Chemist: 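Sharing a structure below in structure tokens format, with a few things to ask.
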There are 2 protein chains.
Amino acid sequence: MATDAIPASAADRNISRIIGRSPTTKCPAPFLSKTYDLLEEQEEENNNIKVVSWNGEGSGFVVWCPAEFSVLMLPKYFKHNNFSSFIRQLNTYGFKKVASKRWEFQHEKFQKGCRHLLAEITRKKCEPSAFPTYLNPCEKNTLLARAGENTTRQLLMEENKNLRKERMELQMQIAHFKTLEMKLLQCLSECVENTHNKARRLL
Amino acid sequence: MATDAIPASAADRNISRIIGRSPTTKCPAPFLSKTYDLLEEQEEENNNIKVVSWNGEGSGFVVWCPAEFSVLMLPKYFKHNNFSSFIRQLNTYGFKKVASKRWEFQHEKFQKGCRHLLAEITRKKCEPSAFPTYLNPCEKNTLLARAGENTTRQLLMEENKNLRKERMELQMQIAHFKTLEMKLLQCLSECVENTHNKARRLL
DNA sequence: GGGAATATTCCC
DNA sequence: GGGAATATTCCC
């Protein structure tokens, strides 16, 4: 094992928690440490045939023999021997396949000699929960479903209430206009009649 | 292996999917099948010391020797040898510890000779998945919650739309009344003036 | 390549 | 006993 090969373990994370190291200095995800370890340890062994290695620039790595890699190496570091599960993890952590004809992967923060960069690599999936921890996932789920709906519903109900109030006011205005119209017509009618009568009297 | 020991495998689930079996007849979770297998297979072996077995009534099971169980049996069925991980899974599927002095667990649907009941056991946790999978009770709740909210929302939106339409119509009526009022006032004014002039001319 | 279910680990 | 992060599997 390389001297700088400090595997990310539960103990590490515990220490990290106890001494209160900030998130930026926390230990890397186990998957990343193990993959880095794996490459470093292969580096030391002078095998005739390389199964996996850093690429020429140390900016990524190549799985030269996927079958041998899966059967011989994966179980030493992980709880499986499936190449596809390894690839799934690489994708989860944002690695990119950078060659079409060989299994070469790169990640900006995964470089030969730069173990300290591993801690800056994060999983793609991470949605911080907005709900208190005492709720079970089912309740959270229900609330989550309702949260958006409630906001929308409340807005709709508010608008609704305002619209009804407006309607009432408009209807009162109309009632007022109707009364006014009647009065004006009455007035006009009287006025016309008045004019007529006045004219007749005067004539 | 017992003759009825049909492990829940990816193949099973695939077949289940292909032939379109309903959710109620889908195969049990791998954890449940494996735990059932484990008990059935132990049953057949006439060991001097029982490490794990069904209880007397077949209504649950007992891990008599947790250490041996963890080291010797767990790795044969699972990807670990931790008793606590096994317990965590039992809890996830709703098993209850039913004795204080030994590791005895029960679940209503986990009974000796009743492998078919396993498929009715569901995980407690339901992930916030927005899209259709098999409907467990939790997911149903969520969907029901959403359905109710949606119905309410749709009704509110409908009422809202109608209220806006009404408002528009009322505002048009008001505009009409305003015009009418002006005309009537104009008319009245002219009428009054007319009367006045006519009277003056006649006098 | 990635969504989602299940499994395993870690911690409270 | 269970929440949550990570790992592994399965499927599209």
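Throughout, a chain's letter reflects where its sequence line sits, starting with A, and its residues are numbered from 1. Note that this is a predicted model, so its numbers are computed, not measured.
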Chemist: Whether A:Tyr93 contacts D:dT6 is assessed here as follows: a side-chain N or O lying under 4.0 Å from the phosphate OP1 or OP2. Is that the case?
Modeler: no
Chemist: Among the nucleotides C:dG1, D:dG1, C:dT8, which one has an atom lying closest to any side-chain atom of B:Lys97?
Modeler: D:dG1
Chemist: Decide yes or no for B:Gln89 and B:Thr92: does some side-chain heavy atom of the first lie under 4.5 Å from some side-chain heavy atom of the second?
Modeler: yes
Chemist: Quick one: do the B:Trp54 and B:Gln111 side chains pair a donor with an acceptor below 3.5 Å?
Modeler: no
Chemist: Rounded to the Å, how far apart are A:Gln89 CD and C:dT9 C1'?
Modeler: 13 Å
Chemist: Is any side-chain N or O of B:Arg88 under 3.5 Å from a base N or O of D:dG2, one able to act as donor and the other as acceptor?
Modeler: yes
Chemist: Would you tell me if any nitrogen or oxygen in the side chain of A:Asn82 comes within less than 4.0 Å of OP1 or OP2 on D:dT9?
Modeler: yes
Chemist: State yes or no: are the ring centers of B:Tyr93 and B:Phe110 separated by less than 6.0 Å?
Modeler: no
Chemist: Name the one of A:Phe83, A:Phe69, A:Trp64 that satisfies ring-ring contact (aromatic ring centres under 6.0 Å, His included) with A:Trp103?
Modeler: A:Phe83
Chemist: For a quick test of reading the model: is some side-chain N or O of A:Lys124 closer than 4.0 Å to OP1 or OP2 of C:dG2?
Modeler: yes
Chemist: Can you tell me how far P of D:dG1 sits from NZ of B:Lys96, to the nearest Å?
Modeler: 7 Å
Chemist: For B:Lys34 and C:dA7, give me the distance from atom NZ to atom P, rounded to whole Å.
Modeler: 7 Å
Chemist: In whole angstrom, give the distance that lies between atom CZ of B:Phe86 and atom P of D:dG2.
Modeler: 16 Å
Chemist: Could you tell me whether A:Phe95 contacts a base, only the sugar-phosphate backbone, or nothing, with contacts defined as non-hydrogen atoms closer than 4.0 Å?
Modeler: nothing
Chemist: Rounded to whole Å, how long is the line connecting atom NE2 of B:His80 with atom C1' of C:dT6?
Modeler: 12 Å
Chemist: Just how far, in rounded Å, is P of D:dG2 from CZ of B:Arg123?
Modeler: 13 Å
Chemist: Strictly under 6.0 Å, is that where the ring centroids of A:Tyr77 and A:Phe31 end up?
Modeler: no
Chemist: Write down the distance between CZ (A:Phe83) and P (D:dT9), rounded to a whole number of angstrom.
Modeler: 14 Å
Chemist: How many Å lie between CG on A:Leu90 and P on D:dT8, as a whole number?
Modeler: 12 Å
